[in-house]
Amino acid sequence: MDEDRAESTVPSCVSLKSDHSKGVPITFRSSEKIERREHILSNWDQSAPPGESSCSQSGSRSGDAEMKPKQRGDLQEVIEGHKMSLKRRCEHVTEGTNEAGSGTLLNKIYTELYITEGQSEEVDTQHEVRQLEITSKKNIQETPIKCQDIFKVLSEQQRHIRVVLTNGVAGVGKTFSVQKFSLDWAEGLENQDISLVLPLSCRELNLIRDEQHSLLSLLHVFHPTLQKIRAEDLTVCKLLFIFDGLDESRFSLGFNKHRVISDVTQVSSVEVLLVNLIQGNLLPSALIWITSRPAAAYQIPPSCVDRITEVRGFTDSQKEEYFRRRFSDEDLSKRIISHIKASRSLHIMCLIPVFCWITAIVLEDMMTRDQRGELPKTLTDLYSHFLRVQIKRKKQKYGGKQRPEELTEADKELLLKLGRLAFEHLEKGNIMFYSKDLERCGLDVSEVSVYSGVCTEIFKRESVIFQKSVYCFVHLSIQEFLAAVYMFHCYTINKRIMESFLKYLKPNPFSCFVGLLNNDPATSLDDFLMRALMKSLKSKNGHLDLFVRFLHGLSLESNQRILGGLLDQMENHPETIQKVLNNLKEVNSDEISPDRSINIFHCLMEMKDQSVHQEIQEFLKSEKKSERRLSEIHCSALAYLLQMSEEVLDELNLQQYNTSDEGRRRLIPAVRNCRKADLRYCRLSEISCDPLASALRSNPSHLRVLDLNYNSLEDSGVKLLCSGLESPNCKLETLRLNRCRLSEISCDSLASALRSNPSHLRVLELSENQLKDPGVKLLCGFLQDPLCNLETLSLIDCRLSEISCDPLASALRSNPSHLRVLKLSENQLKDPGVKQLCGFLQDPLCKLETLSLSDCSLSEISCDSLASALRSNPSHLRELDLSENQLKDLGVKLLFDLVESPIYKLETLSR
């Protein structure tokens with residue numbers, strides 16, 4: 001599960017390791033110590049905001065005043081010691097393969113991260129690389145927040161901020177932000193109104209999840225410098241608890257099923273203590289900061305959170321700043337920056353600070369030695385070189401008879417065991433492991449821990465004061481790469497491990513390739529890769545996307561050669577590679593989400609096939625687009641390029657593209673980057689609604705007009721669509737769902753979604769659906785909302801009767817001033833129904849301009865009712881359609897009287 005997957009222990013921009021285990025003493029001269037203590041005492045009295053003491057739970061100074069001078073002095077000593085300890089933990093970081101103790105000052109390499117208030121609603125459902133792609137092209141409009149200001153009120157409208165939840169994808173810099181915040185506080189530079197900053201890693205908390213602790217004893221365990229702090233001290237100080245990496249926790253937070261704890265000495269489980277702290281039952285004035293990957297953030301109820309922020313990594317300028325700060329050689333940094341800009345995939349991934357570090361290691365090595373090979377442009381290239389560089393560094397460090405580039409059998413065996421660990425846990429959704437997980441894969445814990453240059457770079461060990469360890473790869477993408485290396489190795493030696501991963505229990509509905517229906521392990525490269533691709537495409541959230549890209553990249557002999565013997569090099573004939581490429585270009589994805597299909601295009605790019613990309617670039621420049629036939633893979637590539645474009649498309653009309661129905665479906669992800677989407681007659685189904693909902697949830701959402709007429713969406717599809725309509729980011733103004741095989745069930749979903757976000761929609765068309773009277777009654781809940789600004793409502797041929805007219809008229813009378821067009825033709829409204837509607841028409845605030853009532857089983861009685869209503873409010877109606885009704889001569893005469901009178905503005909009368 002996503003919540004079991006953990007981000008890197010590496011804080012932000014490089015492979016960083018906290019130096020808290022080194023125990024390096026910090027000594028102060030006596031005068032410095034006195035000045036520091038006086039500074040802290042002064043802060044307690046002066047640094048808190050007016051009317052609020054930093055050491056008072058209730059905002060008064062009574063607790064502080066009641067403390068005896070000796071108690072107060074003892075507490076100051078404890079706080080001073082804690083600051084010194086925290087400073088030692090945070091001020092140095094170890095980068096790359098530097099020896100222990102040779103850490104770099106954090107502030108020397110620190111590059112500001114882009115943090116915003118609020119978060120994208122879309123980030124928790126897609127592979128994190130996909131999230132980065134979406135983030136990379138956003139027109140950033142939000143005001144950034146510095147990590148030091150995370151608890152500061154930014155406007156007069158905001159209330160006191162007690163609980164902050166910070167989201168961000170793996171490796172984007174959440175832990176690094178926590179480290180920077182803690183260091184600035186410990187050095188007396190920022191947030192000095194806070195008495196104690198108390199970082200608690202969820203990864204470390206996992207190690208005592210089966211134990212019972214009080215909050216006080218928990219602090220004693222994880223912050224030994226606080227051994228002398230007492231329960232009463234905690235109640236008089238302003239505290240900040242930082243729970244870093246909620247997604248890494250292996251305990252569940254039951255906010256509705258726990259006992260209430262209000263005493264810091266009361267013993268309970270870790271999760272119960274955490275829930276009570278967040279809810280404010282325990283230390284209600286304590287500040288709480290929680291960091292998490294988005295997929296796990298749902299565990300915290302929104303009602304418990306005062307501010308949500310999102311760490312988005314590096315902006316383009318911050319990427320460049322990182323490389324300039326990392327390299328003293330200005331020419332080298334310029335060359336690296338230039339190369340990254342030239343490769344879109346590398347440039348996007350460099351949003352993640354950890355990926356910047358990986359890129360820097362590889363490009364520095366290649367640019368500072370006499371390298372003849374081409375610089376890496378694909379992710380597989382880059383990660384193959386990264387592993388190669390780590391192997392070489394290990395050899396240089398420990399020596400040996402073999403050349404640095406060569407792999408020993410022991411090296412190979414260890415890396416493949418790591419690959420097995422990576423693969424097995426990638427399938428489960430885990431990127432955090434314990435000793436037993438390593439042992440199960442034949443890995444010796446001590447060997448992994450000390451195998452410098454390979455494992456300690458790729459694999460991080462978190463150790464606190466316990467005799468336990470927890471491990472993870474530097475970043476999820478490293479795990480995905482090693483998993484792909486292992487799977488490719490299994491293929492080359494035909495191990496049976498592939499059978500459980502690749503076989504299908506029933507005929508594969510996604511492919512026309514007969515060979516895929518075989519349950520035996522794949523025997524040819526093209527069969528093997530196609531099976532793996534189909535497996536990944538079945539994943540709803542794409543957790544195998546990058547893994548399968550790497551698999552395709554590893555099929556190239558050039559990447560096998562880079563890995564220097566880790567994989568047995570295959571004699572792949574050009575015809576075999578061409579067959580793989582052809583399979584990618586021809587794969588049938590009828591029952592696969594259009595978003596998922598884009599990864600097929602990425603697999604082509606990892607195999608360095610630029611043909612589709614170049615053909616689409618030529619297509620975009622062509623003046624005769626309608627004459628050029630697009631294949632399905634062309635459409636996936638076009639969808640990717642359109643949605644990644646910096647320029648927002650005015651209109652996406654799928655009928656304008658010369659392609660198949662499947663090709664048009666593959667174009668749907670491009671709606672994320674257009675203002676109007678014309679998707680009529682495209683044979684869309686429920687599976688196409690997910691990317692549409694995503695487009696409506698996007699921040700910002702550009703879509704204003706969505707035309708889905710004449711598609712078989714059915715109720716299930718509309719329900720998916722409603723998850724986007726209810727988003728506060730959605731600004732849709734026109735929604736057309738005529739003849740989409742909807743029932744009254746859709747009306748319930750629509751009404752609920754539109755009530756959540758009622759103010760933008762102007763046009764709603766639901767004609768030719770079997771909504772019936774109960775469905776329209778449900779819609780009326782939205783129509784009568786005072787924030788509803790709907791101007792056009794079309795309900796033609798919806799199987800309505802006169803029963804619908806009463807709730808409809810009542811809803812419109814509640815909110816009469818916006819509606820301009822009402823179409824109710826081809827429904828059995830009859831005369832009593834029209835009479836009900838006339839109550840709305842005669843309302844002086846009614847400004848209806850068009851009313852369609854053709855074929856509604858009306859007689860001259862309806863004409864009398866309409867004439868009477870219009871005489872009460874004559875100035876707005878311009879068009880009245882009463883055709884195909886039995887009006888007779890009397891009814892016609894009544895209507896003509898209206899037309900001929902100068903007080904009426906009626907321009908068109910159809911009878």
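Atoms considered below: every heavy atom in the structure, side chains included; atoms not considered: hydrogens, waters and symmetry mates. When a residue number appears, it is its place in the shown sequence, counting from 1. As the structure is a prediction and not an experimental result, all values here were calculated from the model.
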What is the minimum heavy-atom distance between [X] and [Y], and which atoms define it?
X      : Y      : value
Gly775 : Cys747 : O-CB, 3.2 Å
Arg664 : Cys682 : CD-SG, 4.0 Å
Leu793 : Leu808 : CD2-CD1, 4.2 Å

State, without any angle test, whether [X] and [Y] hold a side-chain donor-acceptor pair at a distance under 3.5 Å.
X      : Y      : answer
Ser611 : Lys585 : yes
Glu310 : Thr116 : no
Ser804 : Asp773 : yes
Asp715 : Ser743 : yes
Asn658 : Arg628 : no
Ser794 : Ser767 : yes
Arg820 : Thr850 : no
Ser660 : Glu632 : yes
Thr166 : Thr309 : yes
Thr659 : Arg629 : no
Glu662 : Ser589 : yes

Does any N or O in the side chain of [X] come within less than 3.5 Å of the main-chain N or O of [Y], such that one atom is a donor and the other an acceptor?
X      : Y      : value
Ser727 : Ser723 : no
Asn815 : Asp785 : yes
Asn653 : Gln655 : yes

Short N-O contact, [X] and [Y], less than 4.0 angstrom:
X      : Y      : result
Arg307 : Glu117 : yes
Lys174 : Asp247 : no
Lys772 : Glu744 : no
Asp661 : Arg683 : yes
Asp678 : Arg680 : yes

Could you go through the salt bridge (charged side-chain N to carboxylate O under 4.0 Å, His left out) check for Asp545 and Arg596 one step at a time? CA-CA 9 Å; Asp545 276 7; Arg596 312 285 331 103; 2.3 Å; yes
List the steps and the verdict of side chain to side chain contact (heavy atoms under 4.5 Å, CB included) for Leu379 and Phe355. CA-CA 11 Å; Leu379 296 183; Phe355 189 82; 3.8 Å; yes
Which residues pass the side-chain hydrogen bond (donor to acceptor under 3.5 Å, both in side chains) test with Arg762, sequence neighbours left out? none
Evaluate Asp748 against Lys719 for salt bridge (charged side-chain N to carboxylate O under 4.0 Å, His left out), listing each step before the verdict. CA-CA 9 Å; Asp748 190 16; Lys719 186 174 182 180; over 6 Å; no
Let's go through Arg672 and Ser698 carefully: what are the C-alpha distance in whole Å and the side-chain angles of both, what is the deciding distance for side chain to side chain donor-acceptor pair (under 3.5 Å) to 0.1 Å, and is it a yes or a no? CA-CA 7 Å; Arg672 289 189 178 91; Ser698 296; 4.6 Å; no
